[in-house]
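Input: a single structure, listed below in structure tokens.
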There are 2 protein chains.
Amino acid sequence: MFVRINTDSALRPNSLRDLGMTSGSNALISLSEFSYKKGTEIYGEKEPADYVYQVKLGAVRSYKLLSDGRRQIGAFHLAGDIFGLENGGEHRFTAEAIVDTHVRLIKRQSLEIVAESDAMVAKHLLSMTTNNLQHAEDHMLLLGRKTSLERVAAFLLEMDKRLTAADVMALPMSRRDIADYLGLTLETVSRALSRLHELGILGFIGNTQRQIVLLDRDQLAILDLQP
Amino acid sequence: MFVRINTDSALRPNSLRDLGMTSGSNALISLSEFSYKKGTEIYGEKEPADYVYQVKLGAVRSYKLLSDGRRQIGAFHLAGDIFGLENGGEHRFTAEAIVDTHVRLIKRQSLEIVAESDAMVAKHLLSMTTNNLQHAEDHMLLLGRKTSLERVAAFLLEMDKRLTAADVMALPMSRRDIADYLGLTLETVSRALSRLHELGILGFIGNTQRQIVLLDRDQLAILDLQP
DNA sequence: CGCACAATTGACTAACGTCAAGCCGCGTGG
DNA sequence: CCACGCGGCTTGACGTTAGTCAATTGTGCG
């Protein structure tokens with residue numbers, strides 16, 4: 001059973017519209033923009049969460065560190081995604097730009113004030129938090145119980161769903177980032193990619209390495225590895 | 001550096017009061033109670049989420065399954081905890097009673113109706129979801145990056161914080177449950193417990209096996225293994 | 001063009017999983 | 001009341017997967 005998983009939907013669920021920003025309430029929200037160079041920190045874990053961010057262009061990683069340097073990336077934030085939304089006053093992750101990244105900033109306080117009176121906005125805040133929760137729950141299953149091959153395949157599927165800008169899927173993050181997202185080492189990720197390479201090549205489209213990747217449960221994705 | 005981590009706080013943050021249930025709004029919420037025998041299912045993954053639950057007595061496990069039976073427990077719910085709160089209409093976990101368990105039921109619909117008009121209740125729903133999210137985020141770090149010994153020690157610390165009914169900490173869940181929570185096998189959990197046993201014994205109080213367990217970051221817990 | 005960094009690949013190691021045997025506590029029924 | 005059996009736990013021997021260390025190739029950028 002071969003299924004093309006590439007979707008054509010251009011927008012992720014996390015857009016500003018989803019915060020309930022209609023033309024009317026927009027005026028109340030303080031919006032501004034900022035750019036971060038590749039590798040720079042946007043905010044640190046335990047810093048006060050004064051702003052909520054939306055990726056305009058680029059990609060961001062959110063991670064936690066252990067004292068000895070072990071790193072767990074909790075999520076990648078791609079164009080359209082909102083991140084840094086905390087209920088308490090502190091960020092629970094460190095966020096860094098993976099590549100040069102443009103973000104839109106929203107003052108958390110102004111958002112809270114609007115949410116206080118506007119049930120629609122409040123509802124959307126809850127819905128976004130629930131989406132983050134659901135992602136984390138699924139990721140716990142991956143981290144706790146899946147093999148390296150399953151993890152990498154699941155990662156490719158996730159990215160395929162989210163990075164459908166064009167025909168070519170170019171991953172913005174390094175093997176190390178992928179490894180720290182999947183609870184593996186970069187070597188294991190590389191080996192898994194090589195194995196998937198051998199296993200499921202279907203063919204090539206143009207000069208891109210468009211491929212078929214098999215999954216554990218006869219699922220399947222058409223996607224591209226590094227162009 | 002030896003620190004006694006046993007806290008005296010009797011109540012977990014997730015009480016009904018935290019839903020904003022004051023004497024006034026109580027009337028609007030339909031409350032009832034129910035009992036589940038050890039091992040029985042409370043709800044299944046993907047079932048419609050008509051009720052929210054609060055543990056009155058006992059313990060509950062929430063888990064996801066892979067098609068081949070691999071299981072990941074996402075959380076244990078102990079006395080006072082609220083679980084089964086979903087934003088979408090479907091449960092994302094299966095919930096089972098670990099021991100004979102009494103729960104309080106709240107109709108989700110009635111809760112939503114109240115939240116619509118009462119910003120306080122809405123805020124508490126968001127806060128509870130955020131707490132769940134935070135737990136999942138911390139658990140991702142554990143599952144992705146901690147050693148078996150660190151996982152078991154972290155688990156004991158977590159239970160120590162939450163199960164402070166008396167001096168004795170009796171774990172309601174089996175080694176298999178612990179293993180599926182920590183992304184390990186029951187044998188690895190057992191070995192880790194044995195190693196912690198050897199390492200950090202302080203002494204015994206009465207006939208309970210009260211012990212000192214060392215952690216990676218010179219943290220420490222006083223707790224009891226199976227009485 | 002060459003340098004620096006990223007990715008791949010191989011050889012070996014360590015950690016955790018698997019399989020299996022035996023123990024312990026507990027409930028049940030003779 | 002005790003023997004038996006069952007399930008849960010521990011422990012040991014061994015297997016497998018992923019991690020570590022290292023050499024090599026590939027790639028983008030000044």
Side-chain angles (χ1 to χ4, degrees), chain A residues 37-39 59 61 66 68-72 98-100 142-156 168 170-199 201 207-209 211 216 224-227, chain B residues 37-39 59 61 66 68-72 96 98-100 142-156 170-199 201 207-209 211 216 224-227:
Chain A
K37 288 238 176 69
K38 174 176 176 167
R61 56 181 170 245
L66 292 176
D68 61 358
R70 282 173 287 175
R71 183 177 70 157
Q72 178 63 43
I98 294 174
V99 293
D100 290 0
L142 179 147
L143 293 171
R145 287 294 176 230
K146 291 192 179 175
T147 66
S148 60
L149 212 62
E150 288 169 342
R151 294 182 200 205
V152 172
F155 168 76
L156 292 173
V168 186
L171 301 175
M173 67 290 285
S174 69
R175 295 298 134 98
R176 173 163 293 284
D177 286 340
I178 298 171
D180 285 350
Y181 180 60
L182 299 177
L184 301 168
T185 60
L186 63 94
E187 291 95 334
T188 299
V189 170
S190 184
R191 280 186 246 271
L193 286 171
S194 297
R195 278 194 60 196
L196 291 171
H197 222 271
E198 298 165 7
L199 283 174
I201 288 181
N207 58 355
T208 68
Q209 299 171 272
Q211 303 197 331
D216 53 335
D224 301 270
L225 304 182
Q226 296 284 52
Chain B
K37 287 240 175 68
K38 175 175 178 168
R61 58 181 169 244
L66 292 176
D68 61 358
R70 283 173 287 175
R71 184 178 69 157
Q72 179 63 43
E96 278 176 8
I98 294 174
V99 293
D100 290 0
L142 179 147
L143 293 171
R145 286 297 178 227
K146 291 193 178 173
T147 66
S148 60
L149 212 62
E150 288 169 343
R151 294 182 200 204
V152 172
F155 168 74
L156 292 173
L171 301 175
M173 68 290 285
S174 69
R175 295 299 133 99
R176 173 163 292 283
D177 286 340
I178 298 172
D180 285 349
Y181 179 60
L182 299 177
L184 301 169
T185 60
L186 63 93
E187 291 94 334
T188 299
V189 170
S190 183
R191 280 186 246 272
L193 285 170
S194 297
R195 279 194 59 196
L196 291 171
H197 222 269
E198 298 164 8
L199 285 173
I201 287 180
N207 58 356
T208 67
Q209 299 169 270
Q211 303 197 329
D216 54 336
D224 301 89
L225 304 181
Q226 296 284 53

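Naming: A, B, ... by sequence-line order, numbering from 1 per chain. Just the heavy atoms: all of them, side chains too, but no hydrogens, waters or symmetry mates, feed the values below. Because the structure is predicted, anything quoted here is derived from the model rather than measured.
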Does the side chain of Lys146(B) come within less than 4.5 Å of Leu182(B)'s, by heavy atoms?
-> no
Shortest side-chain distance from Thr188(B), nucleotide among dT10(D), dA7(C), dG17(C) = dG17(C)
Mind checking what makes side chain to side chain donor-acceptor pair (under 3.5 Å) contact with Glu96(B), not counting sequence neighbours?
-> Arg61(B), Tyr63(B)
Test Arg175(A) against every option in Leu186(A), Leu184(A), Thr188(A), Thr185(A) by the side-chain contact (heavy atoms from CB on, under 4.5 Å) rule and name the one that passes.
-> Leu186(A)
Got a second to check how far Asp100(B)'s CG is from Lys37(B)'s NZ, nearest 0.5 Å?
-> 7.0 Å
Between atom CZ in Arg195(A) and atom P in dT8(C), what is the gap in whole Å?
-> 15 Å
Asp177(B) vs Arg71(B) side-chain heavy atoms within contact, under 4.5 Å | yes
How about Ile178(B) and Val152(B): do any of their side-chain heavy atoms sit closer than 4.5 Å?
-> no
Table of protein N/O atoms under 3.5 Å from nucleotides 13-15 of chain D N/O atoms:
residue : atom : partner   : partner atom : Å
dA13(D) : N6   : Arg191(B) : NH2          : 3.4

Quick one: bend of the helix from dC1(C)-dG30(D) to dG30(C)-dC1(D) from 5 pairs per end, to 10°?
-> 30°
Sequence neighbours excluded, the answer for side chain to side chain donor-acceptor pair (under 3.5 Å) partners of Arg145(A) is Asp180(B)
Specify the residue among Arg145(A) and Val189(A) whose closest nucleotide of DNA chain C lies further upstream toward the 5′ end.
-> Val189(A)
Using atom CZ of Arg70(B) as one end and atom P of dG17(C) as the other, report the distance to the nearest whole Å.
-> 13 Å
Could you check how far CZ of Arg175(B) sits from C1' of dC23(C), rounded to whole Å?
-> 14 Å
In whole angstrom, what separates Arg151(B)'s CZ from dA15(C)'s P?
-> 13 Å
Rounded to whole Å, CG of Leu149(B) lies from P of dA14(C) at a distance of 17 Å
Respond yes when some side-chain nitrogen or oxygen of Ser148(B) is under 4.0 Å from OP1 or OP2 of dC16(C), and no when none is.
-> yes
Interatomic distance, Asp177(A) CG vs dC5(C) P [rounded to whole Å] | 16 Å
Considering all heavy atoms, the nearest Ala59(A)-Pro172(A) contact = CB-CG, 3.8 Å
Taking all non-hydrogen atoms of both residues into account, name the closest pair between Thr147(A) and Glu150(A) and its distance.
-> N-OE1, 2.9 Å
Lys146(A) has an atom NZ; how far is it from atom P of dT17(D), in whole Å?
-> 18 Å
Name every residue in residues 178-186 of chain A that has at least one heavy atom under 4.0 Å from any atom of DNA chain C, in order of residue number, or write none if there are no such residues.
-> Leu186(A)
Hey, is the side chain of Ser190(B) poking within less than 4.0 Å of OP1 or OP2 on dT10(D), counting only N and O atoms?
-> yes
Selected nucleotide, minimal atom distance to Ser194(A) side chain, candidates dT10(D), dT8(C), dA7(C) = dT8(C)
Considering non-hydrogen atoms only, spot the tightest contact between Tyr181(A) and Leu143(A) and give its length.
-> O-CD2, 3.8 Å
Spacing between Arg176(A) atom CZ and dC5(C) atom P, to the nearest angstrom | 14 Å
Report the residues that fulfil side chain to side chain donor-acceptor pair (under 3.5 Å) with Arg151(A), sequence neighbours left out, ordered by chain and then residue number.
-> none
Does Glu187(B) make a side-chain donor-acceptor contact with the base of dC19(C), cut-off 3.5 Å?
-> yes
